[in-house]
Protein chains: 2
Amino acid sequence: MQQVLEALVDPVRRSIVTQLSAADSDVACGAFAIAVSKSTATHHFKVLREAGLIRQYYVGTARMNALRRADMDEAFPGLLDALTTPQARQR
Amino acid sequence: MQQVLEALVDPVRRSIVTQLSAADSDVACGAFAIAVSKSTATHHFKVLREAGLIRQYYVGTARMNALRRADMDEAFPGLLDALTTPQARQR
DNA sequence: CCATAAGTACGACCGTCGTCAAACTTTGAT
DNA sequence: ATCAAAGTTTGACGACGGTCGTACTTATGG
């Protein structure tokens, strides 16, 4: 839980989770709308992965990211819902 | 939202919120089970207050703390519920 | 009036975190 | 074989946040 919150408190990482939640399929690392360098992006994906929020797999040179929503909903019911709500994203 | 998450990511502050949520009435600053000095405690209460999570008022020399659950539930539905759930506290 | 209790305010210290650039790896295409 | 695309790794830097001690304020009780 502590680890999950530490992952979600960063705006960039929360944006990644939000974009993943809104997408209808998995997303490559380079396809996110985040304004940081590649190395910083790699760092953020690592934090999200180690917190159990995403799963990653390769497709050619692209590393795909999948939101582990079911696992999260089981471990922390309501948390991702509370964060990906449209009004939550706005405020 | 960002401010609320930054307030809730600290274990001491989340413990304060949890204890407030479990209590059936408001709690004085000195009555919490937190292992930090007085000045550090004051700092944490200030962060919680500025994030809108608690309200404070004096009763003699004691400063009472009230959880603003209704305001939070309106602004960020499900967030406090997700964090104060017994299984959330455990994990 | 004085002492004690309950917090607050102010600096200071230190660790952690987000950030980047540069060098490297691996895969796929020409 | 070469080259480009996509990430990773490493190291460094700077800022912010949690912590504490000390000094200060305010209120209650004897």
Side-chain angles (χ1 to χ4, degrees), chain A residues 1-21 23 25-68 79 83-84 88-89, chain B residues 1-20 23 25-68 76 79 83 89:
Chain A
M1 171 51 129
Q2 183 61 31
Q3 207 175 354
V4 172
L5 279 184
E6 283 171 2
L8 290 172
V9 76
D10 184 272
V12 175
R13 288 194 291 264
R14 209 163 58 253
S15 172
I16 290 174
V17 169
T18 300
Q19 292 178 48
L20 266 180
S21 179
S25 69
D26 300 346
V27 182
C29 285
F32 286 89
I34 52 177
V36 294
S37 71
K38 287 200 301 180
S39 50
T40 302
T42 297
H43 164 67
H44 286 312
F45 288 117
K46 181 180 181 183
V47 172
L48 288 173
R49 171 167 32 86
E50 293 183 341
L53 277 157
I54 64 172
R55 190 176 352 103
Q56 297 186 303
Y57 57 96
Y58 280 96
V59 175
T61 71
R63 191 164 204 182
M64 304 301 295
N65 301 274
L67 185 60
R68 297 176 57 184
L79 183 57
L83 292 175
T84 56
R89 287 208 314 266
Chain B
M1 171 52 129
Q2 183 61 31
Q3 208 175 354
V4 172
L5 279 184
E6 283 171 1
L8 289 172
V9 76
D10 184 272
V12 175
R13 288 193 291 264
R14 208 164 59 254
S15 172
I16 290 173
V17 168
T18 299
Q19 292 179 48
L20 266 180
S25 69
D26 299 346
V27 182
C29 285
F32 286 89
I34 51 178
V36 293
S37 71
K38 286 201 300 180
S39 49
T40 300
T42 298
H43 165 66
H44 286 313
F45 287 117
K46 182 180 181 183
V47 173
L48 288 172
R49 171 166 33 86
E50 293 183 343
L53 277 158
I54 64 173
R55 191 176 350 102
Q56 296 186 302
Y57 58 96
Y58 281 95
V59 174
T61 70
R63 190 164 204 182
M64 304 300 294
N65 301 275
L67 184 60
R68 296 176 57 185
F76 311 106
L79 183 57
L83 292 175
R89 287 208 313 266

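In the text below, chain A, chain B and the rest are named by the order of the sequence lines, each starting its count at 1.
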**Distance test, side-chain N/O of A:R13 to OP1/OP2 of C:dG18, below 4.0 Å** = yes

**Asked** How long is the line joining CG of A:D10 and P of C:dG18, in whole Å?
**Response** 5 Å

**Message:** Between C1' on D:dA27 and CE on B:M64, what's the gap in Å once rounded to a whole number?
**Reply:** 16 Å

**Message:** Can a donor-acceptor pair be found, under 3.5 Å and without considering hydrogens, that links the side chain of A:Q2 to the backbone of B:V9?
**Reply:** yes

**Prompt:** Has B:T42 got a side-chain N or O lying under 4.0 Å from the OP1 or OP2 atom of C:dT8?
**Reply:** yes

**Message:** Can you identify which nucleotide, out of C:dG7, D:dG7, D:dA6, has its nearest atom closest to the B:Y58 side chain?
**Reply:** C:dG7

**Request:** Assign A:A28 to base, sugar-phosphate, or nothing according to its heavy-atom contacts below 4.0 angstrom with the strands shown.
**Result:** sugar-phosphate

**Asked** Which residue, A:V59 or A:A35, contacts DNA chain C at a nucleotide closer to its 5' end, judged by nearest heavy atom?
**Response** A:A35

**Asked** When you measure from the side chain of B:H44, which nucleotide among C:dT27, D:dG18, C:dG18 comes out closest?
**Response** D:dG18

**Residue-phosphate contact under 4.0 Å: B:H43 side-chain N/O, C:dC10 OP1/OP2** = no

**Prompt:** Under the 3.5 angstrom rule, does the side chain of B:R14 hit a backbone N or O of B:L8 as a donor-acceptor pair?
**Reply:** yes

**Spacing of A:I34 atom CD1 relative to C:dT19 atom C1', expressed in whole Å** = 12 Å

**Request:** Keeping the roles fixed (side chain from B:R63, backbone from B:C29), state whether a donor-acceptor pair exists under 3.5 Å.
**Result:** no

**Message:** Whole angstroms only, please: what is the CD-C1' distance between A:E6 and D:dG18?
**Reply:** 13 Å

**Asked** Can you tell me if the side-chain N/O atoms of B:T40 get under 4.0 Å from OP1 or OP2 in D:dC20?
**Response** yes

**Prompt:** Taking for each residue the nucleotide of DNA chain C with the nearest heavy atom, is it A:G60 or B:K46 whose nucleotide lies nearer the 5' end?
**Reply:** B:K46

**Fill in**
Value for CD1 (A:I54) from CZ (A:R13), rounded to nearest 0.5 Å, stands at 10.5 Å

**Asked** For D:dT19, does either OP1 or OP2 sit under 4.0 Å from a side-chain N or O belonging to B:S37?
**Response** no

**Request:** Could you tell me the separation between the CZ atom of A:F45 and the P atom of D:dA6, rounded to a whole number of Å?
**Result:** 13 Å

**Request:** Could you tell me whether a side-chain N or O of A:T42 sits under 3.5 Å from a main-chain N or O of A:K38, the two making a donor and an acceptor?
**Result:** yes

**Request:** Write down the distance between CZ (B:F32) and P (C:dA6), rounded to a whole number of angstrom.
**Result:** 15 Å

**Length of the line joining A:L8:CG and C:dG18:C1', which is rounded to integer Å** = 16 Å

**Message:** Using a distance-only criterion (donor-acceptor N/O pair, under 3.5 Å, no hydrogens), is the base of D:dG21 paired with the side chain of B:S39?
**Reply:** yes

**Asked** Between D:dT19, C:dC20, C:dT8, which nucleotide has the shortest distance from any of its atoms to the side chain of B:V36?
**Response** D:dT19

**Message:** What is the distance, to the nearest angstrom, from the CD atom on B:Q3 to the C1' atom on D:dC16?
**Reply:** 15 Å

